[in-house]
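Computation of the quantities below employed the complete heavy-atom set of this structure, encompassing side-chain atoms and omitting hydrogens, waters and symmetry-equivalent molecules. Just so we're clear, the structure is a prediction, and the values are computed from it rather than from any experiment.
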Amino acid sequence: MLQIPSRIPILFTDDIIVMPGSSSVIKVDRSRDLNLVKYVIAHTTSLRSCIIGTIPRTLPMEKPKHPIGTAVIIMQISGMDEPPSKYMLLVHGLCRISVERITQNTPYVVAQVTQIGKWPFEPDDNIPNDGDLPLLSSKLRQSAIQLVNALDVNKEVLIHLKTLLKKLPDHALPDLLASMLHMRKDKKMEMLNCLDALERIQRIYPLIMERIENVKLVKIKKDLAGSFPNGNKIGKKDLQILNEEGLIKDDKLIMTPKRDHDSLADGLECLEKKLKSVGLPPNVSKVAMRELQRLKKMPSALPEHSVLLNYLELLTDLPWCISTTDTLDLQKAKEDLDKDHHSMEILKKRVLEYLAVQKLKHRGANIGGLILCFVGPPGVGKTSIGRSIAKTLGRKFHRISLGGVCDQSDIRGHRRTYIGSMPGRIISGLKSVGANNPVFLLDEVDKLGKGLQGDPGAALLEVLDAEQNHSFVDHYLNVPFDLSNILFIATANITSTIPSALLDRMEILEVPGYTEEEKITICKKHLWPKQLDVHGLHNINNGAKPDISEEAIKKVVKMYTREAGVRELDRKLASICRAVAVQATSNSQAPLVDIGVDDLPTILGPQKFDRTDLLILSKPGVAAGLAWTKTGGELMYVEASCMDRGQMDESSIGKIILTGQLGDVMKESAQLAVSWVRSNVKKTDLKGPKLSNSDIHLHFPAGAVGKDGPSAGITIATALVSLLSGKLVRSDIAMTGEITLQGRVLPVGGIKEKVLAAHRAGINKVLLPAQNRRDVITELPHDVCEAMDIQYVGSIEEVLENAFLDEVRIPIQCEALMNNSSKL
Ligand SMILES: Nc1ncnc2c1ncn2[C@@H]1O[C@H](COP(=O)(O)OP(=O)(O)OP(=O)(O)O)[C@@H](O)[C@H]1O
Ligand SMILES: [Mg+2]
């Protein structure tokens, strides 16, 4: 007798129940089962170790309630080892087993098992050869052969099946038949659990008979379908069968219920109607009809069928000729924009201009391909004004976040040949808004990545170019779609990382940071009411609304936040609202309705900023500059020091040491400043060589933050002169400007941010290049201009005149240099 090993590895199966005597394919993708394949089966050398047990998975998974399974032999393994690992095992059932106990759980399950019954082709002596069993068994065998005969199968398969059925011992016949029939999982489990051969036959016999009847019925229906439409008469015999089957009522044929493929055909008809009605352009319609014909001929079981169906459904879903009507009331648009956002005048003006032009053009026509790009520090409302513009225009709005996108298929879609291919974000966006003239907000264009799968920036070029985007071809869609009616708005923190070709196609609108006053107004008008709403605080104490005093807002702005935008401020307001909510819901405390300055420390903790940025300059060699970063303006100190190199060769020149993570432009600017100071020391005929004898160290705190740009030129020169002259730079002054070798001061960018940063830090005098006067007039709010003492400088001499506590002129400075020259 063939015997299986007493301890075998166990594989739990989900949908497959392997019956003894039949073959099945088992999918293996759970980690423990994968271990079994990896450790045991893949390395096996003997036939014996190819035998494992399969147990239908029942809950709880690790302890099958059902101790009966099937011992199987593995005949073939296919699959891959790389994550995600997955194998397919072709197994053949040998006999039933009962699981006595699980002896090992990791890395795979091993159990002690007992074999039940014989292998399929071994005669079982325990089965009696008289009585009911042989009789029933032969009846079953005949019926099974009858069923196989009735099946519409190939001749060779038929012969093979019949021989198998004739040869198989009585005890194995029902198991084989159970594996051949389509049975529900629970019924199959019952068959596996059934250990008595007679009972198994009794269970399967009615199923086989039922199946024979079904096959008969299908045949009759097929014949009838062929004969009735032609007006052929039904024979007497057929009528009799039809009567028996209950298919005739009142001498009329009862229509057979719709089968699957009928409903599929209906679906395709519906799809065709839709394709004809959505207004596809002629070239697209041609492609759609061709694909539809292909779909109709394709068997629905093919995976390509669903791919093609999805594609055609996308064609019907896209807004080929659906557009929303613009609301072109300029006055109302202005009011709407003002209502949602305080300040941002330049931006609102530009949007209103767009609307005005739209109004002048004849109705229905659009200004195609306009791309506005809002650039500014975080939290200044770039994204949210984009949303407001869509609302104002009465258009649909869709935001596409481009941050971190590094695959061009994200924009342009995958070709349909890929499994799981999808259209790109532009086409999906159009599908979701359902109109062809929405406002698309391309958020964070400056954070586009560049990966191995192509450059998404380059893909965006086609989308944004007014010359090309009327026939944008998405890879998935593969037919052109007109994007020229879309109003594209892009947002970015900085322009330097936006691909230059892309930048060229956009109209840049700067959204600068806010002044303290602007922040206070935004807070009162927008953020505080919004937070009350979000926290459900509109009605806490008999209709009373919590209020926050202007002083308190001012303190939050000044002492708890330091930012160009209002996001942190918004978060602080949210914390205050939460504290109010807690008090309002507790019974022991009176609700907090008026929030004042005194409540802030208990709610927000100790103040975070204490004007510590502002240093009282007590040593020579330090000057305050103004820097522009992508998070807004910042106050930046420059520190200079000189180190004597001892006795040196007269001709040798001291080194310039630069620290503080400087970019190339900034390094050059530092060298320029040093050279100017050196050349001017020489010009006045002082101990120049001694200056050359020293190493000059320039440091720009904070050392961990990268800095670049030429605008620190005059600050560096001032710090050096201060060091050499021993005079202190005024603590209440900050400056910005590029320096030339001749000592001229050139204009720089980011003036509004820089002046605001000085204002925030409590500095009230700033030195700006004379040519930046225009920016101050156009960009800076009036109140800031009033509060600040702005001096315009054209040369470094003018800078030095303003920067020192005591008047320092070049000759005086040189005198001082002489006094200090021993230090150098
Ligand atoms: N001028 C304003 N008036 C009213 N609310 C504003 C204004 N500016 C910003 N906000 C509010 O500040 C919050 C942050 O704005 P938003 O998310 O649009 O910033 P962003 O400029 O897109 O920043 P990021 O560059 O980080 O994406 C929003 O809730 C917005 O409503
Ligand atoms: Mg944003």
Side-chain angles (χ1 to χ4, degrees), residues 2-120 172 175-176 178-195:
L2 298 166
Q3 192 70 41
I4 60 150
S6 61
R7 288 183 65 209
I8 50 173
I10 299 290
L11 193 69
F12 292 94
T13 58
D14 284 315
D15 304 322
I16 307 277
I17 297 174
V18 188
M19 299 301 289
S22 70
S23 300
S24 305
V25 175
I26 304 175
K27 188 172 89 181
V28 178
D29 54 5
R30 300 196 188 213
S31 70
R32 238 191 308 184
D33 300 344
L34 286 169
N35 286 342
L36 169 62
V37 177
K38 274 187 218 158
Y39 296 141
V40 183
I41 306 163
H43 296 114
T44 190
T45 45
S46 70
L47 199 63
R48 209 178 145 80
S49 52
C50 284
I51 296 176
I52 61 167
T54 60
I55 313 276
R57 197 185 295 273
T58 45
L59 292 173
M61 294 209 289
E62 310 316 333
K63 283 189 202 153
K65 268 191 236 154
H66 205 293
I68 304 291
T70 316
V72 300
I73 184 156
I74 297 175
M75 300 166 61
Q76 196 182 9
I77 309 173
S78 60
M80 56 179 182
D81 201 9
E82 279 172 18
S85 305
K86 196 165 129 186
Y87 296 106
M88 303 302 266
L89 302 183
L90 174 63
V91 299
H92 187 79
L94 300 175
C95 60
R96 283 179 176 72
I97 47 168
S98 110
V99 177
E100 300 306 326
R101 68 190 174 90
I102 303 247
T103 57
Q104 172 187 320
N105 257 316
T106 47
Y108 51 86
V109 182
V110 176
Q112 181 157 6
V113 297
T114 316
Q115 177 173 347
I116 303 173
K118 297 284 168 85
W119 291 31
D175 287 340
L176 181 80
S179 74
M180 282 163 59
L181 292 181
H182 285 292
M183 283 169 78
R184 281 204 341 247
K185 193 181 168 189
D186 54 338
K187 292 272 173 220
K188 221 173 196 173
M189 285 269 273
E190 278 173 20
M191 271 305 276
L192 187 69
N193 284 344
C194 182
L195 303 183

What distance do [X] atom [atom1] and [Y] atom [atom2] have between them, rounded to the nearest 0.5 Å?
X: Y108; Y: D33; atom1: OH; atom2: CG; result: 12.5 Å
X: L36; Y: F12; atom1: CG; atom2: CZ; result: 10.5 Å
X: I68; Y: L195; atom1: CD1; atom2: CG; result: 5.0 Å
X: I73; Y: I51; atom1: CD1; atom2: CD1; result: 5.0 Å
X: S179; Y: I17; atom1: OG; atom2: CD1; result: 11.5 Å
X: M191; Y: M19; atom1: CE; atom2: CE; result: 5.0 Å

Under 3.5 Å side-chain donor-acceptor pair for T103 and R7
yes

Under a plain distance cut-off of 3.5 Å, with no hydrogens placed, do E100 and T114 share a side-chain donor-acceptor pair?
yes

At their closest point, which heavy atom of [X] faces which heavy atom of [Y], and how far apart are they?
X: A111; Y: I10; value: CB-CG1, 3.5 Å
X: G69; Y: I55; value: CA-CD1, 4.0 Å
X: P20; Y: R96; value: CG-NH1, 3.9 Å
X: G21; Y: L176; value: O-CD1, 3.6 Å
X: V18; Y: V72; value: CG1-CG1, 3.8 Å
X: T13; Y: I16; value: OG1-O, 2.7 Å

Side-chain donor or acceptor of [X] paired with backbone N/O of [Y] under 3.5 Å:
X: R32; Y: N105; answer: yes
X: N35; Y: P107; answer: yes
X: Q115; Y: G117; answer: yes

Counting C-beta onward and ignoring hydrogens, is there a side-chain heavy-atom pair between [X] and [Y] closer than 4.5 Å?
X: V28; Y: L89; value: yes
X: I102; Y: V109; value: yes
X: L192; Y: T70; value: yes
X: V91; Y: I26; value: yes
X: Q112; Y: I8; value: no

Could you walk me through whether I116 and I97 pass side-chain contact (heavy atoms from CB on, under 4.5 Å), step by step?
CA-CA 5 Å; I116 303 173; I97 47 168; 5.8 Å; no

Are any of the side-chain nitrogens in R30 or D14 under 4.0 Å away from the carboxylate oxygens of its partner?
yes

For S23, side chain to side chain donor-acceptor pair (under 3.5 Å) partners two or more places apart
H92

